[in-house]
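These notes are about the structure you will find just below.
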Amino acid sequence: MLDRKFILENLDLLKTNIANRGMQVRLDEFVQLEGQRKALLQQVEALRAEANMLAKSSAAVEDKRAKGQQLKAEEAALTEQLKTIEAQAEEIYLTIPNLTAPESPAGGEECSLDIARGKTPIREFDFPIQDHITLMERHKMLNLAAGAKVAGSGFYYFTGAGALLELALTRFALDHIMASGYTPVITPDLVRDDLMVGAGFVPRGNESNTYRLEGYDLNLIATSEITLVGMHADEVVDLTQPIKYAGLSHCFRSERAHGSATRGIYRVHQFTKAEMVVICKPEEAEDFHLELRRLEQEIYDALEIPYRVLEIAAGDLGAAAYRKFDLEAWMPARGGLGGWGEITSTSNCQQFQARRLNIKYRDEAGKLQYAATLNGTAVSVCRPIIAIVENCQQADGTIIMPKALQPYLPTQYWVLK
RNA sequence: GGAGGCGUGGCAGAGUGGUUGAAUGCACCGGUCUUGAAAACCGGCAAGGGGCAACCCUUCGUGAGUUCAAAUCUCACCGCCUCCGCCA
């Protein structure tokens, strides 16, 4: 969230920003409610001040009692009104998005800019190619039918080389980012409602893309970003050195897949992900955002997967993101003719998330400031697997694993025959 | 699962109905001293909100309640610790 005062003092800026993001926010109503809230708050506080003074005074107890009870009744009535107004204002407040970087183009998804390419060129195939489902089933790496039987559509089993490939990918990614000072962390896969909201996710209602546990104040996490950032909620953290995590967790998303571009394991309800999170001083955030993007590019260059880098348009940014880069891998069989598919995403949330979660640090002057938070995907397992098996397939149906994964795979899995 | 105990400022730790937003120590900031540092000594130091300001309001795990008045009493919830039971 943004600072309340900042919002009220920069309404035009906010309105332009909301328009650029293609969002609907009841900003005028918010301003009106805030006005009412402050007026009521002042009345309530005046009554409380009077009651406090009375309680501390040396008046006779009987007088105190009579006057005090009267003040308390007045205060209770006004407080009731105040709570209603506050709740209404809060509801809108939570929908106000972060500001947007000047680099982010206005407009929706189609306005995102293709700004860079990976080192690996797109391969020309001189034989009819197969999609990841066919390839993985052939090599007994994937069992979609069993996933559907046991947990429903959108679930799957990784077997044999598939299972080992998940482990190899995550371990490779962790090693790579650990070398840049990221601490590996295995987090809970469940999280309480308040931290979910704090991180910017919606646990309930139509807009929710996440699972909630019936009877518990708990949700399956959509990303370990939630638990990694939530780890420091309500804390004053030491940012002499930035906090850098390499999180490993399962991720759960309830969104439904449809269309040929999402066949197989492109969009699933559960996947394993190695995630990078940085908590730093706001003035360092831009640099770390570039570091996260660089690490992502290094990982997919090493895996020899062709990709492009997108500067994400305002309309496709999450509410918390100030700026976002996506890496999209070339998936040769996607949608039949091949296509780009998102494999990573890195966002600079500036102080937006930290303000919600109350994560602060002490600056050089000793003052408390909100920290900046950033996140980026290292490896979100399913989609890179699609890219690897489709890009590395041979005319005879064998798959040659990227060299970078060899240290993480038994030798008999270096080439899947 | 049974029994008991605890949850106070960045940390440790006093405080059981009214002048306690909270003793004390550590940490931190400023100063004296010192060639410099340390030590010692002096002073400052919770957060959030409202107000031009004086100043006011809120916060002692969370929520509800009792009272003119709650860190302090009651209830519920959350978390932590100890012992017993159960068990990898």
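So you know, we letter chains A, B, ... as the sequences are listed, proteins then strands, and number each from 1.
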Gap in Å between the two [atom1] atoms, one belonging to [N] and one to [M], rounded:
N	M	atom1	value
rU20(B)	rC83(B)	P	40 Å
rA88(B)	rU82(B)	P	22 Å
rC78(B)	rU19(B)	P	33 Å
rC60(B)	rC11(B)	P	16 Å

(message) Measuring centre to centre across the rings, with the benzene-like ring taken for any Trp, is His289(A) within less than 6.0 Å of Phe325(A)?
(response)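 Yes, close enough.
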(message) Are His269(A) and Tyr156(A) an aromatic pair, judged by ring center distance below 6.0 Å?
(response)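 When the ring centroids of Tyr156(A) and His269(A) are compared, they turn out to be at least 6.0 Å apart.
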(message) Set out, in order, the CA-CA distance, both residues' side-chain angles and the distance that settles ring pair (Phe, Tyr, Trp, His ring centres under 6.0 Å) for His232(A) and Tyr245(A), then state yes or no.
(response) CA-CA 12 Å; His232(A) 295 290; Tyr245(A) 290 135; 5.7 Å; yes
(message) Rounding to an integer number of Å, can you tell me how far Asp193(A) CG sits from rC78(B) C1'?
(response)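 Rounded to the whole Å, the gap is 14 Å.
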(request) Nearest whole angstrom, please: distance from the C1' of rU66(B) to the CZ of Arg65(A). (result)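 That distance rounds to 13 Å.
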Side-chain donor/acceptor pairs under 3.5 Å, residues 91-98 of chain A, sequence neighbours excluded:
from: Tyr93(A); atom 1: OH; to: Leu2(A); atom 2: O; distance (Å): 2.5
from: Thr95(A); atom 1: OG1; to: Ile92(A); atom 2: O; distance (Å): 2.6
from: Asn98(A); atom 1: ND2; to: Ala320(A); atom 2: O; distance (Å): 2.9
from: Asn98(A); atom 1: ND2; to: Cys349(A); atom 2: O; distance (Å): 3.2

(request) Treat primed atoms plus P, OP1 and OP2 as sugar-phosphate and everything else as base, then score nucleotides 47-62 of chain B 5' to 3': B for base contact with protein heavy atoms under 4.0 Å, S for sugar-phosphate contact only, - for none. (result) SSBSS----SBS----
(message) Could you check whether Lys281(A) pairs with Glu283(A) (Lys NZ or Arg NE/NH1/NH2 to Asp/Glu carboxylate O, under 4.0 Å)?
(response) no
